[in-house]
Amino acid sequence: MTLVASTYIVALRYTRTVGTDLYFSTTAVCIAEVIKLILSLSILAKETGSLGRLMSSLKEHTLGSPKEMLKLSVPSLVYAVQNNMAFLALSNLDAAIYQVTYQLKIPCTALCMVFMLQRSLTRLQWFSVFMLCGGVTLVQWNPAQAVKVQIEQNPLLGFGAVAIAVLCSGFAGVYFEKVLKSSDTSLWVRNIQMYLSGIVVTLAGVVLSDGPQVLEKGFFYGYSPSVWFVVFLASVGGLYTSVVVKYTDNIMKGFSAAAAIVLSTIASVMLFGLQITPNFTVGSLLVCLSIYLYGLPRQDTTKIQPEASSQNLKEKLLVV
Ligand code: NCC
């Protein structure tokens, strides 16, 4: 997931800054939803085993479940905003700066989990969440990477887009996790429900933001092989994300992504002789320490009854 995500961000930035026939980013977000729907349908078809069963399952979970469809339209709308914001941000900010600022999604996701899933984090876990955020920022910090480009950029607009993307990522991720884990409906059915409304919402985005130009130049205007590569990564990355959230949770997604960033850099050092910077060393230590601290067993004081604990105290005092 992390390898796909890192490649995605760099490739996306490349397609927004190189070349003259700039494609409509809203169409790329929309096409990714269509591909994710097709892939999820194929996986569900494999799971159900026959076309008949696939059709009846689809009918039951889409046309037959308008309430569920409505529920899933919430994260699809929020993800549509987030995915469009990523394009806007990467049209105005360098990929490395985007990666670093986007790490704010880690504490934002933790906050959403506390409020929306009623999860509680100990003080130490909160501390480790912020330590992780700082660690990943340091690991990826390399101002020398910022490359000057010829296109006009508006960094303020870019940072505004990152802020919206951070909020959307935290909220939509936790909302989807809540819906997914509150019933035994299959992940692929949930994905299909979400991508169906995702297609409608992102298509509305195309019409509202680029309608007249798309009519004039065509939906696939400016689609070079590298743009198709970005669309492909967006689709595969989205499906990976849903699998990661199913088997772990959104905070673990943040932690595993961070660990993989460190591991992939170490692999680059061994394979390609990449130079390690002091920032990387300190950042990696912070990431490892935060993962260790987050996973420490909680000291559960809620199970101790007041009478029992005062009784314990009396016994201890007697011993003393
Ligand atoms: O920001 P992030 O994910 O939380 O965004 C989640 C992405 O996954 C898609 N999704 C989510 C749930 C679901 N059931 N199906 C999905 O298709 C959403 O549409 C959204 O695109 C991360 O944790 O850092 C991660 O980052 C993205 C991506 O790098 C950033 O959003 C870029 O701004 C990664 N996506 C890709 O690599 C394509 C994701 O894997 C991990």
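First listed ligand is number 1; within each ligand, the first listed atom is number 1.
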TODO: Would you confirm whether the ring centroid of F220 sits within less than 6.0 angstrom of the ring centroid of W228?
DONE: yes

Open item on the list: Quick test: of every protein heavy atom, which one is nearest to atom 40 (O) of ligand 1, and how far off is it to 0.1 Å?
Closed with: T241 OG1, 2.8 Å

- [ ] Would you mind running through ligand 1 and noting each atom that sits below 4.0 Å from a heavy atom of K105?
- [x] 22 (C), 23 (O), 24 (O)

Task: Option of least heavy-atom distance to atom 19 (O) of ligand 1 (set: V166, T202, N83) - done: N83

Task: Pairing of D249 and K181 as salt bridge, 4.0 angstrom limit - done: no

- [ ] Please report the C-alpha distance between N83 and T202 in whole Å, then the side-chain angles of each, then the deciding distance to 0.1 Å, and finally whether the side-chain contact (heavy atoms from CB on, under 4.5 Å) criterion is met.
- [x] CA-CA 10 Å; N83 291 333; T202 51; over 6 Å; no

TODO: Write down the atom of G135, the atom of L286, and the distance for their closest heavy-atom approach.
DONE: CA-CB, 3.8 Å

Open item on the list: Between S242 and L239 (side chain of the first, backbone of the second, donor and acceptor by atom type, cut-off under 3.5 Å), is there such a pair?
Closed with: yes

TODO: State the atoms of ligand 1, each with its element, that fall below the 4.0 Å cut-off from a heavy-atom position in F176.
DONE: 14 (N)

Open item on the list: Quick test of your reading of the structure: of Y98, Y79, Y102, whose heavy atom lies closest to atom 12 (C) of ligand 1?
Closed with: Y79

Task: Atoms in ligand 1 flagged as close to M194, the criterion being non-hydrogen separation under 4.0 Å - done: 12 (C), 13 (C), 14 (N), 15 (N)

TODO: Before signing off on this row, confirm whether Y8 and ligand 1 have an N or O atom pair separated by under 3.5 Å.
DONE: no

Task: Non-hydrogen atom of Q82 closer than 4.0 Å to ligand 1 - done: yes

- [ ] Verify the distance criterion only: is there a donor paired with an acceptor across the side chains of N250 and T109 at less than 3.5 Å?
- [x] no

- [ ] Could you verify whether a donor N or O on one side chain and an acceptor N or O on the other, from R53 and T48, lie under 3.5 Å apart?
- [x] no

TODO: Please state whether A234 comes within less than 4.0 angstrom of ligand 1, counting heavy atoms only.
DONE: yes

Open item on the list: Closer than 4.0 Å to some heavy atom of A86 - which atoms of ligand 1 meet that?
Closed with: 33 (O)

TODO: Could you tell me whether R13 sits above the aromatic face of F87, with NZ or CZ closer than 6.0 angstrom to the six-membered ring centre and within 45 degrees of the axis?
DONE: no

- [ ] Report the part of R190 in contact with ligand 1, treating N, CA, C, O as backbone and CB onward as side chain, heavy atoms under 4.0 Å; options are side chain, backbone, both, neither.
- [x] neither

- [ ] Distance to 0.1 Å, residue and atom name: give those for the protein heavy atom nearest to atom 3 (O) of ligand 1.
- [x] K253 NZ, 3.4 Å

- [ ] Could you tell me which atoms of ligand 1, counted from 1 in the order shown, lie closer than 4.0 angstrom to a heavy atom of N191?
- [x] 13 (C), 14 (N)

Open item on the list: Between ligand 1 and L233, is the shortest N or O to N or O distance under 3.5 Å?
Closed with: no

TODO: Taking only heavy atoms of K36 into account, list the atoms of ligand 1 that are under 4.0 Å away from them.
DONE: 16 (C), 17 (O), 19 (O)

- [ ] Would you mind checking if K253 and E177 are paired as a salt bridge, meaning a charged N to carboxylate O distance below 4.0 Å?
- [x] no

Task: Point-to-point distance, once rounded to the nearest 0.5 Å, from CG of L187 to OG of S40 - done: 7.5 Å

TODO: Note the single closest protein heavy atom to atom 9 (C) of ligand 1, along with its residue, its atom name and the distance in Å.
DONE: G238 CA, 3.6 Å

- [ ] Could you find the nearest protein heavy atom to atom 15 (N) of ligand 1 and give me its residue, atom name and distance?
- [x] Y195 OH, 2.7 Å

Open item on the list: Only heavy atoms of A5, strictly under 4.0 Å: list the atoms of ligand 1 that pass.
Closed with: 29 (O), 34 (C), 37 (O)

TODO: In sequence, state the C-alpha distance, the side-chain angles, and the governing distance for F229 and T7, and then conclude on side-chain contact (heavy atoms from CB on, under 4.5 Å).
DONE: CA-CA 10 Å; F229 182 58; T7 317; 4.1 Å; yes

